[in-house]
Amino acid sequence: MAVGKEIRGKIKSVENTRKITKAMEMVAASKMRKAQERMRAARPYAERIGGITANLSKANPEYRSPYMREVTAKTGGNVGFIVVTTDKGLCGGMNTNILRALTIKMRDVQAAGGKVSAVAIGNKGFGFLNRSGAQVVSHVTQLGDAPQLDKLIGPVKVMLEMFVEGKLDAVHLCYTRFVNTMKQEPQIVPLLPLTSTGLQSGSQGDKAGYAWDYVYEPDAPGVIEELLKRYIEALVFQGVAENMASEQAARMVAMKAATDNAGNLIGELKLIYNKTRQAAITKELSEIVGGAAAV
């Protein structure tokens with residue numbers, strides 16, 4: 001029964017794996033609920049600051065922020081990407097989908113004669129960008145289960161400074177948007193340059209057509225610049241929060257599928273073991289009967 005012993009060992013191994021994947025599924029489900037709450041809590045701030053910034057840009061048409069410079073039709077422009085991925089794996093094809101979309105976008109930019117610079121938020125994206133040979137100007141990993149703005153400000157600031165200095169013609173934010181537990185969509189959205197339309201989208205904006213006027217302290221350019229920075233940071237923070245909620249949902253679904261597959265495999269192995277054991281018993285009985293008949 002050497003074969004039977006080997007099958008029993010495989011059954012035990014798969015059962016242990018099933019226990020691990022079941023525990024990971026339950027942990028991911030718990031973390032997903034908290035991540036969803038953080039994601040929803042961050043949305044009102046981004047919407048409100050976007051509305052205020054849109055009103056400020058209307059109230060001061062004489063001042064044009066470098067973050068809102070005109071988009072030219074120039075081809076081959078340099079493009080920056082803020083790439084948000086996870087630090088850990090075991091979350092299905094979530095990272096693969098966003099990195100595949102990023103690869104296509106990067107190839108389009110390079111085919112047009114432009115250069116690509118990237119900021120990596122998350123270990124998986126950082127490793128991919130290094131392997132692909134992209135210029136990684138900054139990165140941050142090990143964010144934990146909750147996004148922390150103080151860890152994101154530094155990498156985002158590097159990209160903002162490159163855009164203001166004219167080293168970049170556009171900046172895009174790449175992350176996975178949380179739709180529901182079963183669906184997460186890879187997103188590559190324009191971040192810079194900002195437009196008045198983009199500022200108003202998703203915000204309260206100027207619905208009633210009021211004429212906005214403000215008293216600035218110390219001056220209008222300083223206030224508007226600071227608000228625009230906060231708005232961009234809020235968009236990145238929201239993208240990271242969406243990505244974390246997507247991560248836990250994808251991991252929960254992946255671990256559930258792994259647990260179900262382990263159960264099916266255990267059933268198949270037990271069936272094979274029982275057939276092998278039955279064949280061995282039948283063979284022994286045949287030998288005994290044959291020996292008795294020979295006597």
Side-chain angles (χ1 to χ4, degrees), residues 1-36 83-103 120-132 139 141-146 176 178-186 243-295:
M1 290 292 291
V3 176
K5 184 178 181 181
E6 182 180 350
I7 295 175
R8 286 199 305 271
K10 289 183 178 180
I11 292 173
K12 186 65 175 177
S13 176
V14 176
E15 286 177 344
N16 292 336
T17 303
R18 184 173 62 172
K19 291 178 183 178
I20 295 172
T21 55
K22 183 64 177 178
M24 292 181 68
E25 176 192 347
M26 296 173 66
V27 170
S30 176
K31 289 183 177 180
M32 183 187 67
R33 286 190 289 269
K34 296 178 181 178
Q36 286 178 334
V83 185
V84 183
T85 57
T86 66
D87 284 319
K88 302 175 182 178
L90 297 177
C91 50
M94 174 184 157
N95 289 319
T96 303
N97 293 335
I98 186 62
L99 294 176
R100 183 184 294 119
L102 173 65
T103 301
I121 300 177
N123 192 49
K124 293 298 180 179
F126 181 51
F128 170 81
L129 291 170
N130 283 331
R131 291 191 299 271
S132 64
H139 73 278
T141 58
Q142 305 302 325
L143 291 176
D145 296 327
T176 302
F178 179 86
V179 180
N180 54 49
T181 304
M182 302 300 297
K183 185 178 180 181
Q184 301 85 38
E185 295 179 344
N243 197 83
M244 286 186 172
S246 300
E247 174 188 0
Q248 300 303 334
R251 181 169 291 119
M252 184 189 72
V253 173
M255 291 301 101
K256 185 180 187 307
T259 302
D260 294 341
N261 290 337
N264 295 334
L265 182 57
I266 290 171
E268 293 175 2
L269 288 173
K270 285 183 176 180
L271 181 61
I272 294 172
Y273 172 75
N274 290 334
K275 286 182 177 180
T276 303
R277 184 169 176 268
Q278 185 177 7
I281 294 173
T282 303
K283 182 180 179 181
E284 291 177 0
L285 289 174
S286 299
E287 291 175 353
I288 293 173
V289 171
V295 173

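Any value given below was found using the heavy atoms of this structure, including those in side chains, with hydrogens, waters and symmetry copies removed.
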Working to the nearest 0.5 angstrom, can you tell me the gap between Arg131 CZ and Phe126 CZ?
11.0 Å
Please report the interatomic distance CZ(Arg33) to CE(Met252), rounded to the nearest 0.5 Å.
9.0 Å
Are the side chains of Thr181 and Met32 in contact, using a 4.5 Å heavy-atom criterion?
yes
What side chain to side chain donor-acceptor pair (under 3.5 Å) pairs are there with at least one residue in residues 243-267, not counting sequence neighbours?
Thr21-Thr259, Glu247-Arg251, Lys256-Asp260
Shortest non-hydrogen contact between Ala249 and Phe178, atoms and distance
CB-CE1, 3.8 Å
Please report the closest heavy-atom contact between Ala254 and Gly92, naming both atoms and the distance.
CB-N, 3.8 Å
Nearest 0.5 Å, please: how far is CD in Gln142 from NZ in Lys88?
8.0 Å
Can you see which heavy atom on Gln184 is nearest to which on Met182, and at what distance?
NE2-C, 3.9 Å
Using side-chain heavy atoms (C-beta onward) and a distance below 4.5 Å, is Leu99 in contact with Leu102?
yes
Using a 4.5 Å cut-off on heavy atoms from C-beta on, say whether the side chain of Val83 contacts that of Leu129.
yes
So how far is it from Thr103 OG1 to Ile98 CD1, rounded to the nearest 0.5 Å?
10.0 Å
Tell me, please, which residues at least two apart from Phe128 pass ring-ring contact (aromatic ring centres under 6.0 Å, His included).
none
How many angstroms lie between OG1 in Thr17 and NZ in Lys12, if you round to the nearest 0.5 Å?
11.5 Å
Can Thr85 and Asn95 be counted as having a side-chain donor-acceptor contact under 3.5 angstrom?
no
Side chain proximity check, Asp145 to Met244, heavy atoms < 4.5 angstrom:
no
Give every residue pair that meets the salt bridge (charged side-chain N to carboxylate O under 4.0 Å, His left out) criterion with at least one member in residues 261-276, sequence neighbours excluded.
none
Please tell me if the side chains of Ile7 and Thr276 come closer than 4.5 Å, counting only heavy atoms from C-beta onward.
yes
Heavy atoms, side chains only, cut-off 4.5 Å: are Thr176 and Glu185 in contact?
no
Distance col, row Lys5:NZ vs Arg8:CZ, nearest 0.5 angstrom, shows 7.5 Å
Kindly indicate whether the side chain of Asn180, heavy atoms from C-beta on, has any atom under 4.5 Å from the side chain of Lys183.
yes
All heavy atoms of Ala262 vs all of Arg18, minimum pair found to be CB-CB, 3.8 Å
Nearest heavy-atom pair of Thr86 and Cys91: which atoms, and what distance?
OG1-SG, 4.1 Å
